[in-house]
Amino acid sequence: MTVSQTDPPSRRARQRHARRMAILDAAGNVLERLGLAMKMDDVAAEADVSKGTLYLYFSSKDALLAGFAERNLASLLPRLRTRANDAATGLDAVAGIIEENIEFFQAHPTSFRLMVGWLQQPEVDDSSDDFQAYRARLQEVHGTFLGAFERGKADHSIRADVDTVHHAMQVWASTVGVVLMHQNTVSLMKRITIPIDFSQLVPVHLDAIRRLLAVHP
């Protein structure tokens with residue numbers, strides 16, 4: 001009797017999780033086609049659910065975007081931690097985390113475009129549980145990155161005068177710029193007349209980070 005009473009909720013939880021993942025997959029497909037012009041109606045149609053059902057899972061478009069971003073961060077975070085843990089020094093960990101981020105965004109261009117576009121939205125609804133979960137996951141990612149900076153300062157591979165928070169933000173912002181240029185080479189080459197080997201942007205960027213932070217660049 002106990003088993004029959006506990007199994008249905010467990011089964012419903014699994015079904016609910018599967019439906020949630022299917023909706024996020026559908027959102028990814030719509031984002032790839034429409035970007036942030038995506039509407040909840042579009043996602044409902046792609047996921048083959050009613051709009052009412054969609055709102056049972058995600059209370060707003062920002063909640064849905066947060067759920068999509070949180071799932072991406074959850075898959076990225078273990079890779080960042082592995083790169084950091086396997087690094088010989090804190091400076092190596094910083095470079096490894098940046099390289100892993102670049103590889104992830106190159107493999108998931110829709111996720112990158114979402115991040116850049118969403119950051120430029122003047123207003124976001126941060127009231128949902130999904131947004132809070134996304135914020136918490138993002139904090140874990142930031143913690144891994146900042147921890148690598150602190151490790152480097154402790155093992156003297158990174159200069160002691162480096163401002164961990166602000167230098168980390170500067171490094172991250174420049175990384176976003178590099179990925180943005182790398183993903184828009186065709187458009188850029190129509191604008192820039194000087195010869196650029198875009199395949200060199202990432203290694204040059206990683207070298208610049210090391211030179212910026214290293215005790216003995």
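Counting from 1, the numbers follow the sequence of the chain as shown.
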Visitor: Between D41 and K39, does the salt bridge (charged side-chain N to carboxylate O under 4.0 Å, His left out) criterion hold? Intermediate values first, please.
Guide: CA-CA 5 Å; D41 287 330; K39 298 179 180 178; over 6 Å; no
Visitor: Looking at every non-hydrogen atom in both residues, tell me the closest pair between A95 and R210 and how far apart they are.
Guide: CB-NH2, 3.7 Å
Visitor: Locate the shortest heavy-atom distance separating S128 from A63; write the atom from each residue and the value.
Guide: OG-CB, 3.5 Å
Visitor: Is it true that Q132 and R135 share a donor-acceptor pair across their side chains at a distance under 3.5 Å?
Guide: yes
Visitor: Mind checking whether W118 and Y134 have ring centres under 6.0 Å apart?
Guide: yes
Visitor: Show, in sequence, the C-alpha distance, side-chain angles and deciding distance for E140 and R81, and conclude whether the salt bridge (charged side-chain N to carboxylate O under 4.0 Å, His left out) test is met.
Guide: CA-CA 10 Å; E140 290 185 75; R81 287 173 171 165; 3.1 Å; yes
Visitor: Would you say the side-chain atoms of D155 pair up with the backbone N or O of G90, donor to acceptor, closer than 3.5 Å?
Guide: yes
Visitor: Could you state the interatomic distance from CD (E100) to OG1 (T82), rounded to the nearest 0.5 Å?
Guide: 8.0 Å
Visitor: Verify the distance criterion only: is there a donor paired with an acceptor across the side chains of R71 and S75 at less than 3.5 Å?
Guide: no
Visitor: Strictly by modelled atom types, are D92 and T89 linked by a side-chain donor-acceptor pair under 3.5 Å?
Guide: yes
Visitor: Checking side chain to side chain contact (heavy atoms under 4.5 Å, CB included) against F145, which of L80, I97, N101 comes through?
Guide: I97
Visitor: Step by step, would you call H108 with F112 a ring pair (Phe, Tyr, Trp, His ring centres under 6.0 Å)?
Guide: CA-CA 7 Å; H108 302 87; F112 178 76; over 10 Å; no
Visitor: Should V202 and Q106 be marked as a side-chain contact (heavy atoms from CB on, under 4.5 Å) after you check the CA-CA gap, both sets of side-chain angles, and the distance that decides it?
Guide: CA-CA 11 Å; V202 172; Q106 287 176 335; 4.1 Å; yes
Visitor: Taking N184 for its side chain and S187 for its backbone only, find out whether a donor-acceptor pair lies under 3.5 Å.
Guide: no
Visitor: Indicate the atoms forming the closest heavy-atom contact of A27 with M38, along with that distance.
Guide: O-SD, 4.1 Å
Visitor: If you compare all heavy atoms of L77 against all heavy atoms of R137, which two are closest, and at what distance to 0.1 Å?
Guide: CD2-CD, 4.3 Å
Visitor: So which heavy atom on T110 is nearest to which on L31, and how close?
Guide: CG2-CB, 3.8 Å
Visitor: Specify whether W172 and F105 have parallel, tilted or perpendicular ring planes, treating 30° as the upper limit for parallel and 60° as the lower limit for perpendicular.
Guide: tilted
Visitor: Ignoring hydrogens and geometry, is there a side-chain-to-backbone donor-acceptor pair from K153 to V162 under 3.5 Å?
Guide: yes
Visitor: Has K61 got a side-chain atom pairing as donor or acceptor with L36's backbone, closer than 3.5 angstrom?
Guide: yes
Visitor: Looking at L201 and H182, what are the two nearest heavy atoms and their distance?
Guide: CD1-N, 4.4 Å
Visitor: Is there a donor-acceptor pair closer than 3.5 Å between any side-chain N or O of T164 and the backbone N or O of F149?
Guide: no
Visitor: After noting the C-alpha distance and the side-chain angles of F131 and E70, does the key distance pass the side-chain contact (heavy atoms from CB on, under 4.5 Å) rule?
Guide: CA-CA 8 Å; F131 199 99; E70 190 278 330; over 6 Å; no
Visitor: Any carboxylate oxygen within less than 4.0 angstrom of a Lys/Arg side-chain nitrogen, looking at R20 and D130?
Guide: yes
Visitor: Check the pair L64 / Y57 against side-chain contact (heavy atoms from CB on, under 4.5 Å), numbers first and verdict last.
Guide: CA-CA 8 Å; L64 178 58; Y57 286 85; over 6 Å; no
